Amino acid sequence: MPYIVIGVGIVLSVIIEISTKKSKEILPWFSVLLFMGTAIYSIVNVSQSFVLFSGMLEVGGKSAIFNAIFNFSAALIVLSSIDYLKKYEAYYGEYYILIQSSVLGMMVMASAQDIFMVFMGLELMSICFYALVGINRKRLSANEASLKYFLLGAFATGFIVYGIALIYGSAGSTSIQNLVENFVSYSSNIIFVLGLLIFFVGFSFKIAAVPFHMWVPDVYEGSATTVTGFMSTAGKAAAFSVFIIMLSAVVSYNAPNFFKNYFAVISALSMVLGSVVAISQDNLKRMLAYSSISHAGYMVIGLAAGNLYSIAGIIFYLAVYSFINIGAFSVISAIEGKDESRIDIKSYAGLHSKSPFLAAMISLFMFALAGIPPLAGFFGKYYVFFGAIQADLTWLAIVGVLSSVISVYFYIRVVVYAYFKNSEENFTIQTSVGTYSAIIVSAALVIICGFFPDLLLGIITTAVK
Amino acid sequence: MINLIYITVLLPLIGFLINGLFGRKIKNAFPGSSGEKIIGTIGSATVGISFLIVVGAFFQTISLPVEQRSNTVELFTWLSVGGLNVKFAYLVDQLSLTMALIVTGVGFLIHVYSIGYMHGDKSFWRFFAYLNLFIFAMMNLILGDNFIVLFLGWEGVGLCSYLLIGFWYDRNFEKGTTSQAAKKAFVVNRIGDFGFLLGMFLIYQTFDSLNFTEVLSKAATFPVAEATFGLIAIFLFIGAIGKSAQIPLFVWLPDAMAGPTPVSALIHAATMVTAGVYMVSRTSIIFASAPAVMMIVAVVGLLTAIMAASIGLVQNDIKKVLAYSTVSQLGYMFLAAGMGAFSASIFHVMTHAFFKALLFLAAGSVIHGMHEEQNIQKYGGLKKYMPRTYLTFFIATLAIAGVPGLSGFFSKDEILWYSYANGSFIFWLIGMLTAMMTAFYMFRLLSLTFYGKERFDHHHVHPHESPSVMTVPLIVLAFFSLVGGYVGLPKVFVGESGNLIDSWLKPIYAPAMNKLALYGSHSHFEEILLMAASVALALSAIYFALHVYTKKPEIAENLSVKFKGLYNLLLNKYFIDEAYEAAVVQPIQKGSEKLLWKVADVVLIDGAVNGLAKLIDKFSAGIRKIQTGATHAYAVMMLTGIALALLWLILSL
Amino acid sequence: MINSEILTYLLLTPIISSILVLLFKNEQAKLIRWFGVAASLIAFVISLVAYTQFDQANPLFQLTHQVVWIKSLNVSYFVGVDGISMLLILLTTFLTPLTLLSTWNAIEKNLRMFTFSMLLLEAGMLGVFMSLDLFLFYIFWEAMLIPMYFIIGIWGGERRIYASIKFFIFTMFGSLLMLVAIIWLAVYASSITGFFTTNLLDLYKVGPTVPHQIQAWMFGAFFLSFAIKVPLFPLHTWLPDAHVEAPTAGSVILAGVLLKMGTYGLVRFCLPLFPQSSVEYAPIISVFAVIGIIYGALVSMVQTDMKKLVAYSSVSHLGFVVLGIFAMTIESVQGAVIQMVNHGLSTGALFLLVGIAYERTHRRDIAFYGGIAKLVPVYSVALMIAVLSSVGLPGLNGFVGEFLILLGSYKSNVLGSVWFTVFAATGVIFAAVYLLWMYQRVVFGKVTNHELEHELTDMNKREILFLAPIFLFIVWIGVYPSTFLNMTEVSVQTILQQVSAIFFVNALHRNWCWYCFICYNRN
Amino acid sequence: MSNVPMEYYLILSAFMFCVGVAGVLIRRNAIVVFMCIELMLNSANLTLVTFSSYLGNSIGQVFVFFVMTVAAAEAAVGLAIIIAMFRNKMTVNIDEINIFKW
């Protein structure tokens with residue numbers, strides 16, 4: 001049902017774009033409505049789980065949660081894009097259509113019950129992202145980002161397809177259901193394990209885990225801020241949704257713990273490297289790119305632990321991470337000036353005197369990213385650490401906390417500039433209804449999920465079980 | 001009256017609060033000297049009334065049978081934790097009453113004297129507030145029925161001493177300032193307190209109580225190792241050394257002369273410095289259980305006595321001479337205590353309080369009349385200008401020099417006798433030598449001040465007698481210096497019970513005496529012989545001093561040139577201050593600054609912390625270079641990752 | 001009255017009023033100030049009411065209030081107090097209005113935010129002291145970093161950024177390891193009780209059963225976190241920086257309450273949760289405590305900046321507290337608890353006084369001052385009292401704490417050697433040295449600096465008003481500490497029973513005796 | 001076809017895959033790099049077809065069609081990006097495209 005709605009929405013958007021010149025005013029609000037409607041529909045129908053397209057897609061349960069996350073993030077991103085795109089000089093109607101399509105792709109990924117569907121969803125999403133990254137085709141930075149993203153993304157796709165081929169060959173089927181049921185017998189087949197590993201590597205690229213993270217800083221820096229916000233949240237969540245689907249096969253059947261080790265290692269690498277390198281970044285978008293790498297690391301802890309708690313933890317983490325990051329990128333987009341100026345941390349000096357609201361909000365999001373209780377970010381980490389310790393991965397949890405100590409430094413550095421330093425540049429910040437409402441909604445969610453994590457967690461736990 | 005004893009503690013406190021909080025207002029409200037009078041009256045009256053109460057309690061106690069002479073007045077619980085139960089309670093017995101009489105009595109006189117001495121001082125009210133606070137603390141010290149209340153007073157008097165030494169906080173004193181002297185006093189005292197604290201801890205560990213009655217009775221009966229007793233005694237004695245200015249912690253007392261002279265009289269001569277003697281005497285049973293420590297006490301006392309006396313021989317500051325004399329006399333008291341003659345030491349505390357307070361007050365009167373000049377070389381022939389001061393000073397000098405019939409003679413003689421009887425001839429000899437020196441330097445002081453040529457500048461200095469508010473206390477003290485000794489007449493003359501003070505205090509020391517039991521058999525003849533010898537030697541020293549300093553000052557001059565090294569050594573107090581400065585103070589200070597702070601803290605610890613941060617920062621700056629911007633490199637990185645993963649997978653199969 | 005919601009009201013008061021503060025405009029300075037003081041006074045009154053409902057003879061946690069919070073993790077909002085936490089809660093609510101009152105002139109910039117931070121900070125500290133769920137405790141423990149971070153960073157001195165970041169990261173480092181330990185305990189508990197729990201009362205039963213080797217790690221993680229907060233030598237270097245750079249109000253709260261959270265954590269969590277490890281490592285920890293006492297004092301002695309001097313003195317004073325806690329005798333732990341309050345009062349007073357002078361002259365270096373007794377007599381007296389209280393003069397509060405700690409540690413079997421006390425007691429000497437020396441250089445002597453004459457004015461009524469209550473308690477605790485000692489006695493006994501039960505069973509399970517060379521052979 | 005062992009096809013496709021990967025790593029021209037990626041995809045396709053044929057089910061072959069479709073879409077977007085790049089910078093040498101680094 002939600003897939004049809006989005007699909008119809010895309011068609012309608014295309015028609016609007018073609019038929020009227022006012023499409024730029026209509027499309028954003030249309031998209032917001034579309035996304036919000038789908039998000040709410042998904043949340044309401046969490047408990048109704050059924051299968052579509054002869055076992056290809058599953059509706060409800062985990063996928064409903066993911067669908068809600070995708071749609072909700074998209075809605076917020078669209079809100080904050082309205083005014084930003086004018087500034088960014090890329091005020092095209094297809095922007096919204098691309099977002100809608102990519103959301104459809106994500107939804108397919110998250111609901112997939114067959115590796116084919118995973119691939120289809122992934123490609124739909126990725127191709128839209130390639131285009132979104134380069135949406136401002138006049139700008140060299142956007143060109144470079146999209147080219148890098150495209151080449152490396154396609155490279156990764158090559159691995160994924162090859163992996164799928166090997167899995168298919170050794171299992172004789174692409175149904176995930178089948179994989180789950182017969183995992184133990186398959187796992188003695190070296191080709192199967194090899195295929196699965198290659199497949200996982202491809203997705204490790206998508207979630208930006210070290211050492212497959214190299215594209216992230218450049219692409220995040222070069223694309224439009226709102227697009228970065230979208231990719232780093234919904235895009236990452238979509239890739240994780242695939243891991244979680246596949247993982248129910250890998251872990252619940254006592255597989256050889258090779259994958260556990262694999263995840264543990266890339267998680268440790270990502271956490272440490274992301275945190276460490278972020279320290280020396282002055283460009284805020286680039287810094288958040290590295291932060292996103294380290295957060296991917298935290299989430300992978302949950303994959304390594306692989307129990308119910310940690311899976312619920314990852315989903316929770318993804319949801320709150322989406323709110324936080326969208327909020328943070330919205331603030332950045334609000335402050336950003338023409339020609340991608342003012343994304344350097346120095347421009348944030350004395351922000352509190354220019355705009356107390358934005359200063360408070362960026363601090364809130366930074367503290368949340370740093371995982372300071374009682375903000376939502378803390379609970380995400382708490383959950384994955386909890387899962388890790390339960391799975392006897394205490395060392396990983398310790399690596400995690402140590403790297404979050406390091407990461408605190410660059411998060412609070414933003415607060416230092418916003419509050420403790422005096423302004424050096426003079427500029428005025430235009431208020432934007434769309435962006436500000438996106439920020440407020442994200443902030444509210446960050447606080448609410450912090451004080452009452454059970455609201456969200458309750459839904460997730462029921463869905464996971 | 002015994003039950004009202006807490007009033008004697010409270011009254012000075014009230015006086016302190018009134019003068020301390022409202023003194024400035026009183027002074028401003030009543031212009032001229034009437035404000036001073038009110039403040040002075042409040043200050044003196046509180047102590048005076050306390051004195052009367054103590055006297056009442058004294059007579060009440062005397063009227064009781066001997067067994068009931070020890071009474072406790074409880075106020076409220078102070079510290080009650082686990083097995084520790086410390087009350088604010090006062091112990092009224094023979095020893096504390098004796099001390100209380102001295103403190104309030106002499107204290108009252110000095111208060112009165114101060115009204116005159118401090119006249120015109122801008123902080124008149126503050127002075128009286130501090131004095132009252134001192135009396136409050138001192139009363140706690142001597143009346144407290146447990147170690148902690150004693151310690152409260154112990155530290156409290158230290159504080160008052162600190163405040164009063166630094167009373168003229170903007171004046172210079174010798175090479176430094178008064179406040180440096182004050183700080184020195186407090187810190188050196190604290191070193192002693194450190195020992196005292198450890199003593200208390202060990203007592204609590206051993207006897208599970210800090211209450212005098214309990215601890216002392218347990219100490220008399222409990223089977224406790226002698227080593228433990230020894231350790232306790234050593235610790236307590238360290239406390240006493242600090243407070244009573246014995247070797248090696250005596251250095252603060254001469255510097256304490258930076259305070260106003262009444263302070264020197266009250267705190268640094270008559271009362272506070274004897275607190276150590278009181279404490280040893282109070283815990284006599286513990287000391288008596290550790291004979292080795294007793295010997296240490298005696299030796300320390302003896303050495304202090306002779307050392308301080310030798311320094312006193314050459315000092316030129318009138319108060320300095322008296323200060324070293326005090327140190328020396330305190331040494332006598334410890335000698336007595338160490339010899340087991342606790343009552344003799346308390347007796348000497350009493351007589352010393354009279355004559356030394358008198359000496360200081362009289363000296364104060366001289367200083368007052370000489371416009372704050374303290375160098376005795378610039379005095380001379382003052383007898384005719386200040387007759388009353390001279391007379392009283394003369395009496396006190398006789399007393400301290402051990403001229404028979406005066407108070408000092410009896411107490412000093414008793415100590416010397418016990419140092420022979422319970423100790424050895426060497427003890428007596430050194431004690432005797434000290435007594436000779438004492439007689440000498442006191443008469444040197446007397447001669448240079450009151451006799452001989454007038455060496456002061458007549459144009460600027462107009463010596464005059466002090467007002468009667470100052471001289472009347474002098475006269476009263478002179479009276480007691482004359483007759484105070486008769487409560488402790490030698491047993492050789494008056495028999496076992498004729499020594500009033502000894503038989504009064506005896507019950508206190510009974511347990512200690514039981515343990516000691518070291519009275520050797522010495523004949524009366526020996527005692528009288530030694531007494532005669534000491535009198536003869538003292539008198540000859542007096543004669544020599546008078547002769548040299550009134551008639552032939554050049555002899556002194558020649559001697560000082562002839563024995564230049566010795567003279568300088570003595571003049572500079574054996575360079576002990578300098579030695580401490582170089583051996584203790586400087587190393588600690590420099591070490592703390594150069595080593596602990598600037599190296600250990602800033603470089604090592606903080607350096608490690610910041611270094612770690614810097615390391616991560618460097619690491620970050622280095623590792624970010626991996627991100628070259630070249631798409632190829634990214635692909636290579638990915639492939640490396642895949643290759644490693646595959647390799648690992650294959651290896652793990 | 002075992003169950004009561006009063007603590008929740010107490011907690012909510014500053015939170016709600018901090019939000020209300022945001023409704024004011026920055027220009028309404030007077031209103032904001034009064035509002036802040038009034039709000040914190042209300043909190044103080046509520047805590048007094050809570051105190052009247054508190055039964056000090058009851059060894060259990062009282063005034064508890066439990067509401068399920070996160071079902072899936074079995075975490076509940078669970079607050080309650082025993083004597084120790086009640087005392088510290090009172091200290092917190094007592095000091096907060098006074099510090100707010102002290103900022104009248106010092107804080108001009110962004111007053112609204114300042115009051116907001118202070119009230120939030122108060123809420124955080126109260127939460128730490130009343131939480132009976134480790135998860136909840138951890139949240140408060142971390143959450144109060146944020147307002148403190150802002151207080152140092154926005155209203156601090158020149159190097160405020162360095163200091164605030166150092167403070168934040170240093171303290172966070174320890175607490176994150178504690179987080180791992182908390183989770184580990186919760187998971188471990190599920191293997192014993194069958195369900196995850198972070199409920200402190202449940203974990204009190206679970207903690208001691210943790211296998212010896214792992215318990216040491218758990219203990220280490222908790223201890224590290226608390227030791228950094230205390231701060232114990234050699235983890236103390238964030239403190240001087242934070243103290244020096246923080247505004248007066250920040251320093252007062254930092255010294256007065258924040259550091260106590262560390263020592264409170266040791267008493268509340270380390271000792272009863274991990275008794276074997278606590279006993280086993282007590283001597284090592286005490287060595288560091290003693291080093292801290294002496295080291296803090298010596299370094300304090302040579303400081304040229306008054307605030308830094310007081311900051312290092314905190315290292316020394318809190319060394320006493322740690323020593324008292326790990327001596328584990330009733331006397332020493334009681335002493336440690338009362339010393340926490342004492343340090344809050346006397347160091348708080350010292351910081352306030354330094355702040356008063358700083359407000360007028362904008363200088364904190366000792367050399368700048370000298371001879372101010374003549375210019376500002378009331379101030380000098382106040383400083384004297386604060387100094388003496390810090391020095392530990394009998395009759396004032398400091399003595400009671402230090403004496404009990406030393407007395408208790410001397411006879412402690414857990415430490416097993418009297419040398420700890422002997423060395424610690426030298427701190428008593430050094431305290432006199434550094435504080436009186438500072439006092440002498442600042443207050444006594446001649447006025448050499450004539451700038452002082454027109455800049456320095458004596459304390460005004462408001463300043464006397466906020467110092468007087470502190471001095472009242474300084475004397476009160478010094479003369480009649482029973483009021484406070486009785487409050488905590490039963491609670492301390494309960495904790496020690498938990499420890500000693502283990503202690504006697506295992507009878508010093510130590511496989512090393514490195515301190516033998518200084519062993520003092522008793523009996 | 002049935003007399004050729006499956007392994008031959010697999011090895012061939014693996015070799016093709018490696019050639020593709022090597023091309024991506026070595027070549028500088030963005031279009032050539034992209035073509036190498038297409039080669040990788042095609043090697044995967046070959047694998048799929050092989051398996052499909054040997055397993056005797058059609059899923060693999062169906063999937064190949066999807067992959068080809070996707071590759072076509074990818075090519076469209078990718079070439080558009082490369083063209084945009086070329087317009088702005090007049091080069092498609094990926095070594096010269098490095099304004100973002102570190």
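Values below: all heavy atoms of this structure, side chains included; hydrogens, waters and symmetry mates excluded. All values reported here derive from a predicted model rather than from experimental measurement.
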* Indicate the ring-plane relationship of C:H236 and C:Y295, choosing parallel, tilted or perpendicular according to the 30° and 60° boundaries. => perpendicular
* Pick whichever of C:D241, C:I330, C:L388, C:L436 has the most heavy-atom pairs under 4.5 Å with chain B. => C:L436
* **Under 4.5 Å from any heavy atom of chain C - which part of B:L197** => side chain
* Identified side-chain contact (heavy atoms from CB on, under 4.5 Å) counterpart of C:I366 within the set C:Q440, C:Q303, C:M438 -> C:M438
* Top residue by heavy-atom pair count (under 4.5 Å) with chain C, among B:R171, B:R24, B:Q180? -> B:Q180
* Sort C:L406 into side chain, backbone, both or neither according to what part of it lies under 4.5 angstrom from a heavy atom of chain B. => both
* May I ask you to check whether over 12 heavy atoms, not counting those of C:Y162, lie within 6.0 Å of atom OH? => yes
* To do: Could you tell me which of C:Y480, C:W437, C:F399, C:Y439 has the largest number of non-hydrogen atom pairs under 4.5 Å with chain B?
  => C:W437
* Structure fact -> If you tally heavy-atom pairs under 4.5 Å between each of C:Q493, C:R441, C:M301 and chain B, the highest tally belongs to C:M301
* Test item: B:F88 and B:T77 side chains (from C-beta on) under 4.5 Å apart, heavy atoms -> no
* Non-hydrogen atoms of chain B under 4.5 Å away: do they reach the side chain of C:T426, the backbone, both or neither? -> both
* **Check: B:Y130 ring centroid to B:F134 ring centroid under 6.0 Å** => no
* To do: Find out whether the Lys NZ or Arg CZ of B:K122 is both under 6.0 angstrom from the six-membered ring centre of B:Y169 and within 45° of the ring's axis.
  => yes
* Asked: Of the backbone (N, CA, C, O) and the side chain (C-beta and beyond), which part of C:K166 lies under 4.5 Å from a heavy atom of chain B, both, or neither?
  -> side chain
* Polar side-chain atom of C:T494 near backbone of C:V490 as donor-acceptor pair, under 3.5 Å -> yes
* Among B:V149, B:T178, B:I148, single out the residue with the greatest number of heavy-atom pairs under 4.5 Å to chain C. => B:I148
* **Side chain / backbone / both / neither for B:F167 at chain C, heavy atoms under 4.5 Å** => neither
* To do: Identify the heavy atoms of B:M279 and B:G239 that sit nearest to each other, and give their distance.
  => CE-C, 4.4 Å
* To do: Let me know if B:F76 has heavy atoms under 4.5 Å from chain C in its side chain, its backbone, both or neither.
  => side chain
* Option that, when pairs with chain C are counted at under 4.5 Å, heavy atom only, ranks first among B:L159, B:L163, B:V224 -> B:L159
* Asked: For the side chain of B:K243 and the backbone of B:W154, is there at least one donor-acceptor N/O pair under 3.5 Å apart?
  -> yes
* Structure fact -> Applying a strict 4.5 Å limit to non-hydrogen atoms, the region of B:R126 in contact with chain C is neither
* Asked: Can you say whether C:E489 sits under 4.5 Å from chain B via the side chain, the backbone, both, or neither, judging by heavy atoms?
  -> side chain
* Would you mind checking which part of C:F233 comes under 4.5 Å of any heavy atom in chain B, side chain (CB onward), backbone (N, CA, C, O), both or neither? => side chain
* Structure fact -> In short, B:L141 meets B:L150 closest at the heavy-atom pair O-CG, 3.6 Å
* Give, as side chain, backbone, both or neither, the part of B:D193 having an atom under 4.5 angstrom from any heavy atom of chain C. => neither
* With only heavy atoms counted, which part of C:V479 is less than 4.5 Å from chain B, the side chain, the backbone, both or neither? -> both
* Select one option (side chain, backbone, both, neither) describing which atoms of B:L210 are under 4.5 Å from chain C's heavy atoms. => side chain
* To do: Could you tell me which portion of B:A600 (side chain, backbone, both or neither) has an atom closer than 4.5 angstrom to a non-hydrogen atom of chain C?
  => both
* Measure up the C:F170 and C:W238 rings against each other and bin them: parallel (under 30°), tilted (30 to 60°), perpendicular (over 60°). => tilted
* To do: I would like to know whether B:F186 and C:V391 meet side chain to side chain contact (heavy atoms under 4.5 Å, CB included); could you show each step before the answer?
  => CA-CA 11 Å; B:F186 196 87; C:V391 163; 4.3 Å; yes
* To do: Answer yes when B:D145 and B:K87 have at least one side-chain N-carboxylate O distance shorter than 4.0 Å, and no when they do not.
  => no
* Structure fact -> In terms of heavy-atom pairs under 4.5 Å with chain C, the winner among B:T177, B:N140, B:V609 is B:V609
* Side-chain H-bond candidate by donor/acceptor type, C:T329 with C:S412, under 3.5 Å -> no
* Tell me, side chain or backbone of C:L393 under 4.5 Å from chain B's heavy atoms, or both, or neither? -> both
* Structure fact -> Note: vs chain B, highest number of non-hydrogen pairs under 4.5 angstrom among C:G371, C:A373, C:S300 is C:A373
* Interchain contact, C:F484 with chain B, by part (heavy-atom threshold 4.5 Å) -> neither
